[in-house]
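Sequential numbering from 1 along the given sequence is applied to the chain's residues. Everything numeric in this text was worked out from a predicted model, so none of it was measured.
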Amino acid sequence: MDIDNKKKEINGWSLEIQKLQKENQELIKRLESSETGMQTSLSVISHELRNTLTLLAGSARFLEQDHPELVSDKNWKNLWTDLLHIQAFLTELSSFRSMQEISLSRQLCDLNTVLREICRDCQSLFDGVHKHLIFLCPKMPTVLYADSRKLSHVFTNLIKNGMEALDSEGTVSLRIREASQKETALMNNTVDAAAIEVKDTGIGLSAEQQEKIFDPFYTEKSGGTGLGLSIAQTIVKAHSGFITVASSPGKGTAFTVLLPKLPAISE
């Protein structure tokens, strides 16, 4: 009797497991369908808004040509600011959608050179008197097999965020160094990693903000889209890397990007 009861109990568990597996498969299909629907909806909304924005910008330019005095009007300047904000948001939204199926054009590159060029392009954001951008890198090349164009997007975004976090004065520093053992552990200790710190002396972030900082559409910045850091994180992950944030209110913020690097090569 005990054996028969156990057989019945096992058969009951087996049927329950099969039922749960079937329900799980149905849920997965629903989620995939929901995600596809969301992507389609984003595409349609983005397309329609872009068309409307183009028409609005065109009409505004014609008005400007017919009425040059509008250029000095405060409200007219605000109108263009709003139009440019919408344009920036749609660009970020387009990037966000494309990042869902990101593909990398990898090639050998020297990270020192890539970041030096980024800093050169970002220098115009800093006046060099009250706000400074500092770049520190090792003498030897930091060789990666990476998509340098997409990495440029990541670090340009982090530098701009750092600059916007500054008050009337301060510094944003960009530094390349060897990853620590603790940092390498985040990458499963499988590779040597380069650590790139982007640190500012700005207003800092609360613990709650740090938890949400990489969430899509989360922003507390006036005029922000809330997509920049989410896109940056996606690009870093696609490179088998890792990105962390450390901050406290009033004491600045430090983003650290960990990227796998190639073994040292001879001259």
Side-chain angles (χ1 to χ4, degrees), residues 39 42-43 46-47 50 84-85 87-126 133-138 140-164 172-179 183 186-187 191-200 213-214 216-217 219 221 224-245 254-265:
Q39 293 296 327
L42 284 175
S43 296
S46 177
H47 178 73
R50 196 178 294 276
L84 291 174
H85 169 68
Q87 185 180 47
F89 175 78
L90 290 175
T91 300
E92 292 270 89
L93 185 62
S94 178
S95 297
F96 176 70
R97 286 190 294 108
S98 67
M99 287 300 149
Q100 306 310 300
E101 297 180 359
I102 187 173
S103 59
L104 301 177
S105 299
R106 293 178 185 262
Q107 59 184 0
L108 288 177
C109 63
D110 174 22
L111 188 62
N112 299 8
T113 301
V114 173
L115 296 186
R116 187 176 290 109
E117 291 174 355
I118 293 171
C119 286
R120 180 197 63 201
D121 294 339
C122 290
Q123 280 293 349
S124 60
L125 301 173
F126 301 81
L133 175 61
I134 299 172
F135 176 51
L136 301 169
C137 71
M140 292 296 292
T142 306
V143 183
L144 306 181
Y145 186 56
D147 188 325
S148 58
R149 184 176 179 182
K150 285 188 169 64
L151 287 183
S152 294
H153 180 98
V154 171
F155 292 107
T156 299
N157 183 276
L158 292 177
I159 291 171
K160 287 183 177 178
N161 282 354
M163 187 278 297
E164 291 170 356
V172 175
S173 60
L174 185 66
R175 180 166 75 106
I176 306 174
R177 58 172 175 78
E178 292 287 332
E183 290 169 333
L186 295 173
M187 303 176 70
V191 292
D192 288 333
I196 306 94
E197 289 182 351
V198 183
K199 188 175 183 179
D200 67 67
I213 198 75
F214 295 108
F217 304 107
T219 182
K221 183 170 57 178
T225 63
L227 291 173
L229 286 175
S230 177
I231 293 171
Q233 185 183 55
T234 301
I235 294 172
V236 172
K237 284 184 176 180
H239 282 84
S240 301
F242 205 86
I243 182 169
T244 65
V245 58
F255 286 93
T256 302
V257 177
L258 305 173
L259 294 170
K261 65 177 185 177
L262 296 180
I265 56 176

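Nearest heavy atom pair, residue Ile159 against residue Cys119, reads CD1-SG, 4.4 Å. Across every non-hydrogen atom of Ser105 and Asp147, the tightest pair is N-OD2, 2.9 Å. The two residues Cys137 and Arg116 come nearest to each other via the heavy atoms SG-NH2, 3.4 Å. Contact detail for Ala193 and Glu178: the closest heavy-atom pair is O-OE1, 4.0 Å. Residue Leu115 comes nearest to Phe155 through the heavy atom pair CD2-CD1, 3.5 Å, listed as atom of the first residue, atom of the second, then distance. The shortest non-hydrogen separation linking Ala146 to Leu151 is CB-CD1, 3.7 Å.
The line from CG of Leu111 to CG of Leu259 is 6.5 Å long, rounded to the nearest 0.5 Å. Here the CG atom belonging to Leu108 is positioned 9.0 Å from the CG atom belonging to Leu144, to the nearest 0.5 angstrom. Rounding to the nearest 0.5 Å gives a distance of 8.5 Å between OG1 of Thr244 and CD of Glu197. Of the inter-residue distances, the one linking Ser148 atom OG with Leu104 atom CG reads 11.0 Å to the nearest 0.5 angstrom. Ile196 contributes atom CD1, which lies 8.0 Å from atom CG of Leu174 (distance to the nearest 0.5 angstrom). How far CZ of Arg177 is from CG of Leu136: 12.0 Å, rounded to the nearest 0.5 Å.
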Discussion item. Apply side-chain contact (heavy atoms from CB on, under 4.5 Å) to residues Ile176 and Phe135 and explain how you reach the verdict.
Written reply: CA-CA 9 Å; Ile176 306 174; Phe135 176 51; 4.2 Å; yes
Fill in: Steps toward side-chain contact (heavy atoms from CB on, under 4.5 Å) verdict (Leu229, Leu158)
CA-CA 8 Å; Leu229 286 175; Leu158 292 177; 3.6 Å; yes
Discussion item. The test is side-chain contact (heavy atoms from CB on, under 4.5 Å); show your working for Asp200 and Val198 and say whether it passes.
Written reply: CA-CA 7 Å; Asp200 67 67; Val198 183; over 6 Å; no
Worksheet entry | Evaluation steps, side-chain contact (heavy atoms from CB on, under 4.5 Å), between Lys199 and Arg175 | CA-CA 8 Å; Lys199 188 175 183 179; Arg175 180 166 75 106; over 6 Å; no
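Under the 4.5 Å side-chain criterion, counting only non-hydrogen atoms from C-beta, Val236 is in contact with Val154. Contact check for Ile231 versus Asn157: no side-chain heavy atoms found under the 4.5 Å cut-off.
Using a distance-only test at 3.5 Å, with no hydrogens or angles considered, a donor-acceptor pair links the side chain of Arg106 to the main chain of Tyr145. With hydrogens and angles ignored, the 3.5 Å screen pairs no side-chain donor or acceptor of His153 with any backbone N or O of Arg149.
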